[in-house]
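Just below is one structure, and these are the notes that go with it.
Keep in mind that this is a model prediction, so the values were computed, not measured.
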Amino acid sequence: MYILAVIVSNRRHKRWPLYRTVCWIFGVLFAIISVAGPLANRALVDFTAHMFGHLFLGMLAPLLMALAAPMTLMLRTLTVPIARRLSKMLRSRLSRMLTNPIIASVLNIGGLWLLYTTSLYSLMHDYFLLHLIVHVHVFLAGYLFTISMIYIDPMPHRVPFLYRAIVLCVALTGHGILSKYIYAHPPNHVTINQAELGGMVMYYGGDIIDIVIIFILCLQWFRATRPRTRLAIFSNCFISY
């Protein structure tokens, strides 16, 4: 559907950036790898494999798919009446709440704490529906967290960069502490060796993806404030003159 939308968009507007399509394809690919295939099967009995799946599904895939700007593509492709309905939905109170950095962080990091510090991790291996719900939550929470920190698509409910930076630092701290907690306190039915390896994968692998989010946030922050800096320099020069 994304590629079809790209084709339709290219016929009506200027060409859609190729790198966004590539990001979407790889985002979907990593999401599929985490829930289907050898890695997903291995994750049922190997906590380290499970943690790689967690990184792919909850962090890497959401980041790549956010960079693909799917909402922007939809607004370019849909008819005007439907695009207006989508815009109205994006401006709704529910959208404001879910894309608030604090709410998104609680859903994302808080959900992980609930998963790995309670019996939920072991229970989801016994009940398929619960297993499905957990994976859907991990992906959606990861996507909401990503788009609440870096604005790629249109975001009606914007918050200042400093606000997002502070919440991001707190969220990353919570993620890092959780990985260390898993290292020292394995979840139910997880061996110490598996917990140590899984904790390190979560800690260092998460850091790599977090660095990309931090870089994008700082780059957007720099670009947003750079014109004001130039204007201030120009004003000072004019006053001095």
* Evaluate the side-chain contact (heavy atoms from CB on, under 4.5 Å) criterion for residues Leu55 and Leu60: first the C-alpha distance (whole Å), next the side-chain angles of each, then the deciding distance (0.1 Å), finally the verdict. => CA-CA 6 Å; Leu55 289 176; Leu60 184 56; 5.9 Å; no
Can a donor-acceptor pair be found, under 3.5 Å and without considering hydrogens, that links the side chain of [X] to the backbone of [Y]?
| X | Y | value |
| --- | --- | --- |
| His157 | Arg93 | no |
| Trp16 | Ala5 | no |
| Ser105 | Pro101 | yes |
| Asn108 | Phe145 | no |
| Arg164 | Val159 | yes |
| Gln220 | Tyr151 | yes |
| Ser122 | Ser119 | yes |

When you compare the side chain of [Y] with that of [X], does any pair of heavy atoms fall below 4.5 Å?
| X | Y | result |
| --- | --- | --- |
| Leu44 | His131 | yes |
| Val6 | Leu73 | yes |
| Thr77 | Leu4 | no |
| Leu29 | Leu64 | no |
| Leu57 | Val35 | yes |
| Met71 | Leu86 | yes |
| Arg42 | Thr48 | no |

* Contacts of type side-chain contact (heavy atoms from CB on, under 4.5 Å), residue Val170, not counting sequence neighbours -> none
Once rounded to the nearest 0.5 Å, what's the spacing between atom [atom1] of [X] and atom [atom2] of [Y]?
| X | Y | atom1 | atom2 | value |
| --- | --- | --- | --- | --- |
| Ile152 | Thr72 | CD1 | OG1 | 9.0 Å |
| Asp207 | Met202 | CG | CE | 10.5 Å |
| Leu168 | Ile214 | CG | CD1 | 5.5 Å |
| Phe215 | Ile211 | CZ | CD1 | 11.5 Å |
| Cys23 | Leu67 | SG | CG | 5.0 Å |
| Thr99 | Leu94 | OG1 | CG | 9.0 Å |

* To do: Report, as yes or no, whether the 6.0 Å neighbourhood of atom OH on Tyr163 holds more than 12 heavy atoms from other residues, nucleotides or ligands.
  => yes
* Give a yes or no on whether Arg85 atom CZ has more than 12 heavy-atom contacts from other residues, nucleotides or ligands under 6.0 Å away. => no
Between [X] and [Y], what is the shortest heavy-atom contact and its length?
| X | Y | result |
| --- | --- | --- |
| Gly174 | Trp113 | O-NE1, 3.3 Å |
| Asp153 | Pro70 | OD2-CD, 3.3 Å |
| His137 | Leu107 | NE2-O, 3.0 Å |
| Leu78 | Arg12 | O-NH1, 4.2 Å |
| Ile192 | Pro186 | CA-CG, 4.1 Å |
| Met155 | Ile147 | CE-O, 3.3 Å |

Decide whether [X] and [Y] are clustered together by the hydrophobic rule: side chain heavy atoms of Ile, Leu, Val, Met, Phe, Trp, Tyr closer than 4.5 Å, transitively.
| X | Y | answer |
| --- | --- | --- |
| Leu114 | Tyr116 | yes |
| Leu144 | Leu115 | yes |
| Val22 | Ile3 | no |
| Met65 | Leu217 | yes |
| Ile103 | Leu112 | yes |

* Using side-chain hydrogen bond (donor to acceptor under 3.5 Å, both in side chains) as the criterion, list what pairs up with His189, not counting sequence neighbours. => none
* Could I get the full list of side-chain hydrogen bond (donor to acceptor under 3.5 Å, both in side chains) partners for Arg91, not counting sequence neighbours? => none
Using 30° and 60° as the class limits, which term best fits the ring planes of [X] and [Y]: parallel, tilted or perpendicular?
| X | Y | answer |
| --- | --- | --- |
| Phe56 | Phe52 | tilted |
| Phe26 | Phe30 | tilted |
| Trp24 | Tyr2 | parallel |
| His54 | His175 | parallel |

* To do: For Leu162 and Trp221, run side-chain contact (heavy atoms from CB on, under 4.5 Å): C-alpha distance rounded to whole Å, both residues' side-chain angles, the deciding distance at 0.1 Å, then the answer.
  => CA-CA 9 Å; Leu162 181 59; Trp221 197 345; 4.1 Å; yes
* To do: Taking the six-membered ring for Trp and the single ring otherwise, decide whether the centroids of Tyr183 and Tyr203 are under 6.0 Å apart.
  => no
* Audit row: Met51, Ile182, side-chain contact (heavy atoms from CB on, under 4.5 Å) steps and yes/no -> CA-CA 11 Å; Met51 197 54 70; Ile182 292 173; 4.2 Å; yes
* To do: Show your working on side-chain contact (heavy atoms from CB on, under 4.5 Å) between Asn193 and Phe47 and close with a plain yes or no.
  => CA-CA 10 Å; Asn193 291 335; Phe47 186 72; over 6 Å; no
